[in-house]
Structures are given as C-alpha cells and as structure tokens.
A.B. asks: 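Structure in structure tokens, see below.
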Amino acid sequence: MQDEVSLITNARNGDALSFDLLLEPYTQRAYRVAYLITHDPDSAADALQEALIRAHRSLRNLRDGHPFYPWFARIVTNEAIKQAKRPAPSLPLPEWTPSADSPERTVLDHEEREHLWRLIQSLSPAHRTVIVLRYYDDMSESEIAQVLGISPGTVKSRLHYAKNALGKHLRKGDSPGAFLGRLSRFMQGGL
C-alpha cells in the first residue's frame, strides 16, 4: 500500500485508483459522521457523494504535508450540515450489536441508546455536528475548529451549549460525567 503523500500526488495527477485508495479507509467513517449529523441515510449518502465530488475537484487545494482526513472531514461535515438543514423525518436508532449480557441488560442498553439518540436528534445541526465530531470522531477542539473553519472559542461555546442542552435531560441520579461517558460510548457504537 502506498503512503498517503504518494496517493495524494498520484490522485492530483489524475490517477483514479490512487484517489479511490486514498478514500478507502475513510469512506465508512465519513458516512457515519454525515449520518449522525443528518439523521437520514439518504441525506447522509447525498452529503457523502457531494463531498467525494468536491474532494476530487479540489484535491489540489489540499496543502502539501497536511493530512487528508481532516481536510476531507471538513468537506463531508459542511455537506452534511447543508443536508441537515432540510426537513427530515425522525428516524429510528441506528443499528447496533446488542451486548452478550442478560436480556434485561440488553433491554436497558437499548432504552438508553434510544434516549441518547432522541436527545442528539433534538440538537440544532451546528450543535449536533460538534457533538458528533467530538464524541464519535474523537476530534480535539482545535481539530473541530479546523474542520468547521471556526475559531476554537466557537467550538468550545457550541460544545458547552450542546452538553448543557443534553445535560438538562439527565436522569435521576445521573452525574454529568457519567452521562458524557455514556454519550461517548454511544457515539462509538457501544454502550
């Protein structure tokens, strides 16, 4: 497998296979980010398709020596936000693999996941985006700022607002830290 710098260089020179190889490790991750922002599989697919087209057309704009994924994630995120602004139906919880624990635990896990999913859906696209990038894509605040093209202070503000909005729905006996831990595990596909 070629390194990322070689793939970028070859793709810039018109090698379609290099562009495909460059995208391969990131396509599913990018789709999941788009889905978590849009809450609609068709809108997420549209956002990803538009992002792929934009990335292909503007690959020359990627600065030499900069990693591909943050640049691509910015394009995907912007397209997903555009799609999310369109009205979409409330969707069921994304597929997940139930735990091997007891049936009671599986039911509780599923209820908790549904609760978190409804809370995330209730956020505005801007706040949902920072939550997705922070807790699903595990980006730092400075990386999120770079991807969204906003200041780190704005990222902090949006994260703060989003966490407060989610925190208002804490269940009895929940601590904010425990809630954010469950949110993080949910976004990573577990609970």
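All heavy atoms count here, side chains included; hydrogens, waters and symmetry mates do not.
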A.B. asks: Does the side chain of F72 come within less than 4.5 Å of L22's, by heavy atoms?
C.D. replies: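 No, their side chains stay 4.5 Å or more apart.
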
A.B. asks: Nearest 0.5 Å please: distance from the CG atom of D40 over to the CG atom of D42.
C.D. replies: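 Those atoms lie 5.0 Å apart.
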
A.B. asks: For P125, what residues pass the side-chain contact (heavy atoms from CB on, under 4.5 Å) criterion, not counting sequence neighbours?
C.D. replies: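 If we apply the side-chain contact (heavy atoms from CB on, under 4.5 Å) test to P125, skipping adjacent residues, the hits are A84, R128.
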
A.B. asks: As an exercise, state the distance from CZ of R29 to CG of D138, rounded to the nearest 0.5 Å.
C.D. replies: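 Separation between the atoms: 8.5 Å.
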
A.B. asks: Just by modelled atom types, is the F68 backbone N or O under 3.5 Å from a matching donor or acceptor in the E4 side chain?
C.D. replies: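 Present.
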
A.B. asks: Please enumerate all residues that pass ring-ring contact (aromatic ring centres under 6.0 Å, His included) together with Y69, with sequence neighbours excluded.
C.D. replies: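 With neighbours one apart ignored, the set is Y26.
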
A.B. asks: Is the closest side-chain donor-acceptor distance between D3 and S6 under 3.5 Å?
C.D. replies: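 A donor-acceptor contact under 3.5 Å links the two side chains.
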
A.B. asks: Are side-chain heavy atoms of L59 and L62 found at a separation under 4.5 Å?
C.D. replies: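 L59 reaches L62 side chain to side chain.
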
A.B. asks: Check whether any side-chain heavy atom of I53 lies under 4.5 Å from a side-chain heavy atom of H56, and answer yes or no.
C.D. replies: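 Sidechains of H56 and I53: no contact.
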
A.B. asks: Less than 4.5 Å apart, any side-chain heavy atom of T77 and any of L133?
C.D. replies: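 They are in contact (side-chain heavy atoms under 4.5 Å apart), so the answer is yes.
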
A.B. asks: Residues two or more places apart in sequence or in another chain: which of them pass side-chain contact (heavy atoms from CB on, under 4.5 Å) with E143?
C.D. replies: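 Only M139, S140 meet the side-chain contact (heavy atoms from CB on, under 4.5 Å) criterion with E143.
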
A.B. asks: Tell me the salt bridge (Lys or Arg N to Asp or Glu O under 4.0 Å) pairs involving residues 66-79, sequence neighbours left out?
C.D. replies: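 Listed once each, the pairs are R54-E79, E79-K82.
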
A.B. asks: Just verifying a value: how many Å separate L21 CG and L7 CG, rounded to the nearest 0.5 Å?
C.D. replies: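 Atom-to-atom, L21:CG and L7:CG are 5.5 Å apart.
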
A.B. asks: Applying side chain to side chain donor-acceptor pair (under 3.5 Å), can you list everything that pairs with N10, at least two apart in sequence or on another chain?
C.D. replies: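 Residues passing side chain to side chain donor-acceptor pair (under 3.5 Å) with N10: Q2.
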
A.B. asks: Can you list everything that forms a salt bridge (Lys or Arg N to Asp or Glu O under 4.0 Å) with D64? Sequence neighbours excluded, please.
C.D. replies: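 Applying salt bridge (Lys or Arg N to Asp or Glu O under 4.0 Å) to D64 gives R12.
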
A.B. asks: Which residues satisfy the side chain to side chain donor-acceptor pair (under 3.5 Å) test with D15, sequence neighbours excluded?
C.D. replies: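 Only S18 meet the side chain to side chain donor-acceptor pair (under 3.5 Å) criterion with D15.
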
A.B. asks: Decide whether S157 and T154 meet the rule of one side-chain donor and one side-chain acceptor closer than 3.5 Å.
C.D. replies: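 Short answer, no.
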
A.B. asks: Which residues satisfy the side-chain contact (heavy atoms from CB on, under 4.5 Å) test with A44, sequence neighbours excluded?
C.D. replies: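 Per chain and number, A44 pairs via side-chain contact (heavy atoms from CB on, under 4.5 Å) with Y31, A34, Y35, T38.
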
A.B. asks: Would you say V76 and L52 make side-chain contact, with heavy atoms under 4.5 Å?
C.D. replies: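 No; the side chains remain at least 4.5 Å from each other.
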
A.B. asks: Of all residues at least two apart in sequence or in a different chain, which pass the side-chain contact (heavy atoms from CB on, under 4.5 Å) check with A162?
C.D. replies: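 In terms of side-chain contact (heavy atoms from CB on, under 4.5 Å), with neighbours along the sequence ignored, A162 is linked to L123, H127, I131.
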
A.B. asks: Going by the rule side chain to side chain donor-acceptor pair (under 3.5 Å), which residues pair with S58 if we only count those two or more places apart in sequence or in a different chain?
C.D. replies: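 Testing S58 for side chain to side chain donor-acceptor pair (under 3.5 Å), a comparison that skips the adjacent residues, returns none.
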
A.B. asks: Sequence neighbours excluded, which residues qualify as ring-ring contact (aromatic ring centres under 6.0 Å, His included) partners of H160?
C.D. replies: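 Checked H160 against ring-ring contact (aromatic ring centres under 6.0 Å, His included); zero matches.
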
A.B. asks: Let me check something: do V33 and W71 share a hydrophobic cluster, defined by ILVMFWY side-chain heavy atoms less than 4.5 Å apart, either directly or through other members?
C.D. replies: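 Yes; W71 is reachable from V33 via cluster members.
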
A.B. asks: If you round to the nearest 0.5 Å, how far is OG1 of T27 from CZ of R32?
C.D. replies: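 Answer for the CZ-OG1 pair, R32 versus T27, is 15.5 Å.
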
